[in-house]
Asks: 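Could you have a look at this structure, given as structure tokens, before my questions?
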Amino acid sequence: MTPDEVKKFCQTATLTCKDAEEARDRDAGLPLLEVGAENAQPRPSSIVVLPGRGASVTEVREYIIKTLVEKHNTTLEYAQRTALKWHLGKGWVLRDLPTRRFSEIFGDDIGPHLASDVYGARIRESHEEMDKPWYDWKKTTGPRNFKDLEGSEDEIWAEEEAQIKGI
């Protein structure tokens with residue numbers, strides 16, 4: 001569909017679901033992101049660091065704001081209003097919250113996206129934890145093992161990493 005067709009469709013579409021009507025009423029007055037030259041370019045994906053398990057309510061809200069603005073390209077005002085829906089709960093609550101609760105707290109339009117961002121950040125953290133022993137070994141024991149090998153150290157590391165990752 002062309003942008004004009006999408007715009008026309010959105011203008012003529014009718015709401016048939018009670019939940020959609022409630023969401024429309026709930027979000028009435030929230031600022032929409034204006035499409036302009038600065039917003040037309042896709043942003044490079046940014047990684048927002050997930051707050052720690054002991055993070056305060058304020059730190060969790062800051063994470064929500066940064067995620068919505070930097071990753072989902074919303075306005076700051078919209079992100080701040082959304083973050084205020086997080087009333088209580090430290091970082092561990094955000095990390096362990098089921099997807100359905102994200103939808104209950106932030107709505108069906110935002111909740112699943114925030115849940116996906118949190119789960120993705122948790123997966124990245126677990127991968128970093130699993131890779132840590134490898135990188136620690138690479139910095140300490142690894143260089144001693146290369147004294148008898150031919151080739152540059154960078155070439156050898158590249159081969160080793162490729163073999164370990166199965167590339």
Side-chain angles (χ1 to χ4, degrees), residues 17-36 38-145 153-154 157-158 160-167:
C17 176
K18 184 178 179 180
D19 291 337
E21 291 174 3
E22 290 174 1
R24 182 193 63 201
D25 294 340
R26 180 189 70 226
D27 295 339
L30 289 177
L32 298 176
L33 184 62
E34 294 179 15
V35 178
E38 70 279 358
N39 295 328
Q41 300 297 324
R43 285 188 181 184
S45 65
S46 58
I47 296 176
V48 181
V49 178
L50 191 62
R53 294 188 72 76
S56 68
V57 173
T58 303
E59 291 170 319
V60 172
R61 287 180 182 155
E62 288 172 3
Y63 168 78
I64 293 167
I65 292 169
K66 286 180 185 175
T67 299
L68 291 174
V69 170
E70 293 178 17
K71 192 166 184 184
H72 298 287
N73 204 22
T74 65
T75 62
L76 180 60
E77 183 182 346
Y78 181 78
Q80 288 171 336
R81 287 185 186 191
T82 301
L84 287 176
K85 294 177 183 179
W86 185 263
H87 299 289
L88 293 173
K90 293 191 172 256
W92 69 268
V93 176
L94 179 74
R95 289 167 166 267
D96 298 338
L97 202 63
T99 304
R100 114 184 113 63
R101 285 291 292 143
F102 276 97
S103 294
E104 290 171 5
I105 294 169
F106 300 107
D108 290 334
D109 50 341
I110 299 172
H113 296 285
L114 284 175
S116 175
D117 294 331
V118 169
Y119 298 148
R122 288 178 60 193
I123 289 170
R124 273 193 308 279
E125 282 181 354
S126 68
H127 285 238
E128 289 170 4
E129 289 174 14
M130 289 188 306
D131 289 345
K132 189 176 182 324
W134 158 248
Y135 289 109
D136 288 346
W137 178 86
K138 181 178 174 180
K139 290 177 188 173
T140 57
T141 309
R144 291 192 310 244
N145 294 338
E153 190 174 326
D154 290 335
W157 279 123
E160 288 287 323
E161 250 179 343
Q163 289 176 355
I164 288 173
K165 292 184 178 179
I167 297 175

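The figures that follow rest on heavy atoms only: side chains count, while hydrogens, waters and symmetry mates do not.
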Asks: List in chain and number order the residues that pass side chain to side chain contact (heavy atoms under 4.5 Å, CB included) with R124, two or more places apart in sequence or in another chain; answer none if no residue qualifies.
Replies: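 Testing R124 for side chain to side chain contact (heavy atoms under 4.5 Å, CB included), a comparison that skips the adjacent residues, returns I47, A121.
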
Asks: Any non-hydrogen side-chain atom of V118 less than 4.5 Å from a side-chain atom of T67?
Replies: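 No. Closest side-chain heavy atoms not under 4.5 Å.
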
Asks: For F102 versus L114, what's the shortest heavy-atom pair and its separation?
Replies: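 The answer is CD2-CB, 4.0 Å.
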
Asks: Please enumerate all residues that pass side chain to side chain contact (heavy atoms under 4.5 Å, CB included) together with R53, with sequence neighbours excluded.
Replies: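 Here the qualifying residues are W92, R95, D96.
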
Asks: Find out whether L68 and T82 are in side-chain contact, i.e. whether some heavy atom of one side chain is under 4.5 Å from a heavy atom of the other.
Replies: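 Contact flag for L68/T82 side chains = yes.
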
Asks: Holding to side chain to side chain contact (heavy atoms under 4.5 Å, CB included), I want the full list of residues that pass it with S116, two or more places apart in sequence or in another chain.
Replies: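 Not a single residue meets the side chain to side chain contact (heavy atoms under 4.5 Å, CB included) criterion with S116.
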
Asks: Between P112 and G107, what is the shortest heavy-atom contact and its length?
Replies: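 Looking at all heavy atoms of both residues, the closest pair is CD-O, 3.9 Å.
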
Asks: For A83 and I65, work out which heavy atoms get closest and say how close.
Replies: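 In this case the closest contact between A83 and I65 is CB-CG1, 3.6 Å.
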
Asks: Tell me every residue that passes side chain to side chain contact (heavy atoms under 4.5 Å, CB included) with E62, counting only those two or more places apart in sequence or in another chain.
Replies: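 Counting only residues at least two positions away or on another chain, E62 forms a side chain to side chain contact (heavy atoms under 4.5 Å, CB included) with T58.
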
Asks: If we only count heavy atoms from C-beta on, is the V60 to V93 side-chain gap below 4.5 Å?
Replies: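 No, every pair of side-chain atoms sits at 4.5 Å or beyond.
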
Asks: Is T99 reaching over with its side chain to a backbone N or O of A115, donor-acceptor style, under 3.5 angstrom?
Replies: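 Here the side-chain-to-backbone pair does not exist.
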
Asks: R100: what forms a salt bridge (Lys or Arg N to Asp or Glu O under 4.0 Å) with it, not counting sequence neighbours?
Replies: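 Salt bridge (Lys or Arg N to Asp or Glu O under 4.0 Å) list for R100, sorted by chain: E104.
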
Asks: So F106 and W86, would you call those rings parallel, tilted or perpendicular, with 30° and 60° as cut-offs?
Replies: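 Answer is parallel, since the angle falls under 30°.
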
Asks: To the nearest 0.5 Å, tell me how far D117 CG sits from I110 CD1.
Replies: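 If we round to the nearest 0.5 Å, D117:CG and I110:CD1 are 11.5 Å apart.
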
Asks: Testing the basics here: between V69 and T75, what is the closest heavy-atom pair and its distance to 0.1 Å?
Replies: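 Minimum heavy-atom contact is CG2-O, 4.0 Å.
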
Asks: For R61, what residues pass the salt bridge (Lys or Arg N to Asp or Glu O under 4.0 Å) criterion, not counting sequence neighbours?
Replies: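 In terms of salt bridge (Lys or Arg N to Asp or Glu O under 4.0 Å), with neighbours along the sequence ignored, R61 is linked to no residue.
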
Asks: Roughly how far apart are H113 NE2 and D108 CG, rounded to 0.5 Å?
Replies: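 One gets 10.0 Å once the value is rounded to the nearest 0.5 Å.
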
